[in-house]
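What follows is a short report on a single structure.
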Amino acid sequence: MDHFLYKNGVLHAEDVALADIAAQVGTPFYCYSTATLTRHYQLFTEALSPLPHLVCFSIKSLSNVAVLKVLGDLGAGMDVVSGGEYMRARAAGVPGEKIVFSGVGKIRAEMRLALTGGIRQFNVESEPEMRALSEVALGLGLVAPITIRVNPDVDAKTHEKISTGKKGDKFGIPISRAREVYAEAATLPGLKIVGIDVHIGSQLTSLEPFEAAYQKVAELTHALRADGHSIERLDLGGGLGIPYARDNNAPPLPIEYGAMVKRTVGDLGCEIQIEPGRLISGNAGILVASVIYVKDGEDRDFLIVDAGMNDLIRPAMYGAHHDIIPVNEAAAGAEQQPYDVVGPICESGDTFAKSRNLPPLREGALIVFRSAGAYGAVMSSEYNSRPLVPEVLVKDDHFAVIRARPTFDEMLSRDTIPEWL
Ligand code: LLP
């Protein structure tokens with residue numbers, strides 16, 4: 001459920017008409033709903049209660065500081081994968097003890113940043129990283145709390161580019177070697193083992209792979225405790241999928257996910273951490289664009305819109321589906337016609353949808369790409385020297401620009417011409 005609904009034939013974000021935002025901000029722009037972000041976060045806390053738990057929002061899915069503040073103020077922790085994300089979490093007022101640092105290639109400067117600024121745990125992904133972290137912590141006279149990310153060799157049955165828990169993926173250490181790696185970690189003076197971490201992929205649409213992975217984590221918890229390690233926390237990663245198309249079989253709900261978590265790891269006496277990104281942010285955001293031209297094609301028309309693959313790359317990169325709807329609601333029973341919805345960028349890959357049935361649309365019409373809150377703005381670029389699109393946050397009947405559209409001058413000011421040219 002989200003808070004982007006038609007009211008009197010016009011699409012609203014909560015109580016704000018999107019046309020009003022478009023008139024003030026211009027298109028394209030991303031628009032997020034505070035109520036939807038809040039609801040989705042709460043679904044997870046409700047699903048995991050009464051287990052002791054912390055829901056750490058995966059910042060990589062949507063990293064605007066205002067959005068992080070919405071979630072941080074509700075009590076959310078944050079999952080970060082870079083020094084930049086760590087700084088964003090802190091800028092949103094999230095204390096270090098609620099921030100977990102994930103990622104397969106943390107550099108020493110990032111370790112130092114998090115250790116001195118405060119950190120809940122590092123999710124360590126390899127032995128060399130573990131040794132480097134111990135050295136960095138010792139150098140600062142500190143001890144780094146760690147989990148080790150295990151790769152459970154489970155097929156997440158999702159898109160190959162976002163599956164991370166199978167043998168051969170670059171993530172984590174093979175679960176079969178976990179005991180020996182934990183044994184070494186216990187000897188490193190700069191580290192303190194606090195738990196186990198696992199994350200098997202993103203946009204999972206079934207609970208089975210999660211369940212298989214978490215069962216393996218439960219077994220490993222017993223084995224590591226028998227080896228004398230203190231396993232207080234389990235970080236179960238993110239990855240629960242969202243419905244992208246209204247006609248799709250909907251993925252399991254957080255409440256069902258929570259019941260499975262309780263079933264598999266609920267009796268281990270561990271604090272449970274999860275790192276959801278997409279489920280919290282995905283359907284809490286849309287991308288609003290305008291039709292520039294309607295171009296007659298041979299067997300269908302092209303809808304050329306002012307958003308491009310640089311603004312929303314998921315269709316070009318993963319062949320992802322995003323529902324497209326007009327801001328002005330089509331009359332009930334109105335004829336639909338197939339369009340190829342394309343952006344202005346100079347590649348054929350800049351195609352959002354092929355033969356998509358939509359009501360007839362004219363130049364200037366506003367359209368919306370749904371489910372664009374996650375991995376939308378964060379993956380955008382200035383390709384074709386198109387300034388990054390603005391982000392807008394709505395709450396009830398008001399909205400604010402939370403990242404402004406840069407002017408051409410601002411965009412160009414980052415380039416410098418050397419003196420010798
Ligand atoms: N934790 C870790 C360690 C991760 O690598 C990820 C996502 C998450 C949590 C959050 O997963 P989520 O709950 O959002 O599924 N750009 C791709 C998705 C990449 C996901 C990367 N890792 C897309 O647009 O589909």
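Hydrogens, waters and symmetry mates are skipped; everything else that's a heavy atom, side chains included, is used. In each ligand, atom 1 is the first atom listed, and ligand 1 is the first ligand listed. Note that the numbering runs from 1 along the sequence shown for the chain. This is a predicted model, so every value here is computed, not measured.
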Worksheet item: Got the closest protein heavy atom to atom 15 (O) of ligand 1, with its distance?
Response: S202 OG, 2.4 Å
Discussion item. Give me the residue, atom name and distance of the protein heavy atom closest to atom 20 (C) of ligand 1.
Written reply: Y375 OH, 3.6 Å
Practice prompt. Heavy-atom distances under 4.0 Å are what count here, so tell me which part of S58 touches ligand 1: side chain, backbone, both or neither.
Written response: side chain
Worksheet item: With respect to atom 12 (P) of ligand 1, which of A374, A372, G239, S61 exhibits the smallest heavy-atom separation?
Response: G239
Worksheet item: When you look for heavy atoms under 4.0 Å from ligand 1, do you find them on the side chain of M379, its backbone, both, or neither?
Response: side chain
Discussion item. Under 4.0 Å from a heavy atom of R149: which atoms of ligand 1 are those, numbered in the order shown and with their elements?
Written reply: 3 (C)
Response to the item:
So NE2 of H222 and CG of L268: to nearest 0.5 Å the spacing works out to 5.0 Å
Discussion item. Are any of the N/O atoms on L279, whether in the backbone or the side chain, positioned under 3.5 angstrom from an N/O atom of ligand 1?
Written reply: no
Fill in: Numbered atoms of ligand 1 (with element) below 4.0 Å of G238, judged on heavy atoms
9 (C), 13 (O)
Worksheet item: What is the nearest protein non-hydrogen atom to atom 24 (O) of ligand 1, stated with its residue, atom name and distance?
Response: R314 NE, 2.6 Å
Worksheet item: For ligand 1, is any non-hydrogen atom under 4.0 Å from M317's backbone (N, CA, C, O), its side chain (CB onward), both, or neither?
Response: neither
Practice prompt. Give a yes or no on whether a salt bridge exists between R179 and E219, defined as a side-chain N under 4.0 angstrom from a carboxylate O.
Written response: no
Discussion item. Can you tell whether the side chains of E391 and R405 come within less than 4.0 Å, N to carboxylate O?
Written reply: no
Discussion item. For R278, which part has a heavy atom under 4.0 Å from ligand 1: side chain, backbone, both, or neither?
Written reply: both
Worksheet entry | Modelled atom types, side-chain donor and acceptor of D306 and T27, under 3.5 Å | yes
Worksheet entry | Nearest non-hydrogen protein atom, atom 17 (C) of ligand 1 | Y318 OH, 3.1 Å
Worksheet entry | Which of the ligand 1 atoms, numbered from 1, are nearer than 4.0 Å to a heavy atom of P276 | 13 (O)
Worksheet entry | NZ/NE/NH1/NH2 to OD/OE distance under 4.0 Å, K60 and E85 | no
Response to the item:
Separation between CD1 (I402) and CG (N64), nearest 0.5 Å, reads 3.5 Å
Worksheet item: Counting only heavy atoms, which portion of L204 has something under 4.0 Å from ligand 1: side chain, backbone, both, or neither?
Response: neither
Worksheet item: Can you find a side-chain donor-acceptor pair between R314 and H322 that sits under 3.5 Å?
Response: yes
Worksheet item: What do you reckon, is NZ of K69 surrounded by more than 12 foreign heavy atoms closer than 6.0 Å?
Response: no
Practice prompt. For residues D301 and D340, determine if any side-chain heavy atom of one lies less than 4.5 Å from a side-chain heavy atom of the other.
Written response: no
Fill in: Those atoms of ligand 1 less than 4.0 Å from some heavy atom in D79
1 (N), 9 (C)
Worksheet item: Nearest to atom 5 (O) of ligand 1, what protein heavy atom do you find, and at what distance?
Response: K60 NZ, 3.3 Å
Fill in: Worked verdict on Y339 versus F302 for ring pair (Phe, Tyr, Trp, His ring centres under 6.0 Å)
CA-CA 6 Å; Y339 288 106; F302 290 99; 9.8 Å; no
Worksheet item: What protein heavy atom sits nearest atom 19 (C) of ligand 1, and how far away is it?
Response: I162 CG2, 3.6 Å
Practice prompt. Give a yes or no on this: more than 12 heavy atoms of other residues, nucleotides or ligands lie within 6.0 Å of atom CD of E208.
Written response: no
Discussion item. With respect to G277, determine whether any N or O atom, backbone or side chain, lies less than 3.5 Å from an N or O atom of ligand 1.
Written reply: yes
Item to complete: Answer side chain, backbone, both or neither: which part of E275 comes under 4.0 Å from ligand 1, heavy atoms only.
Response: both
Item to complete: Could you tell me if the ring centre of F57 sits under 6.0 Å from that of Y41?
Response: no
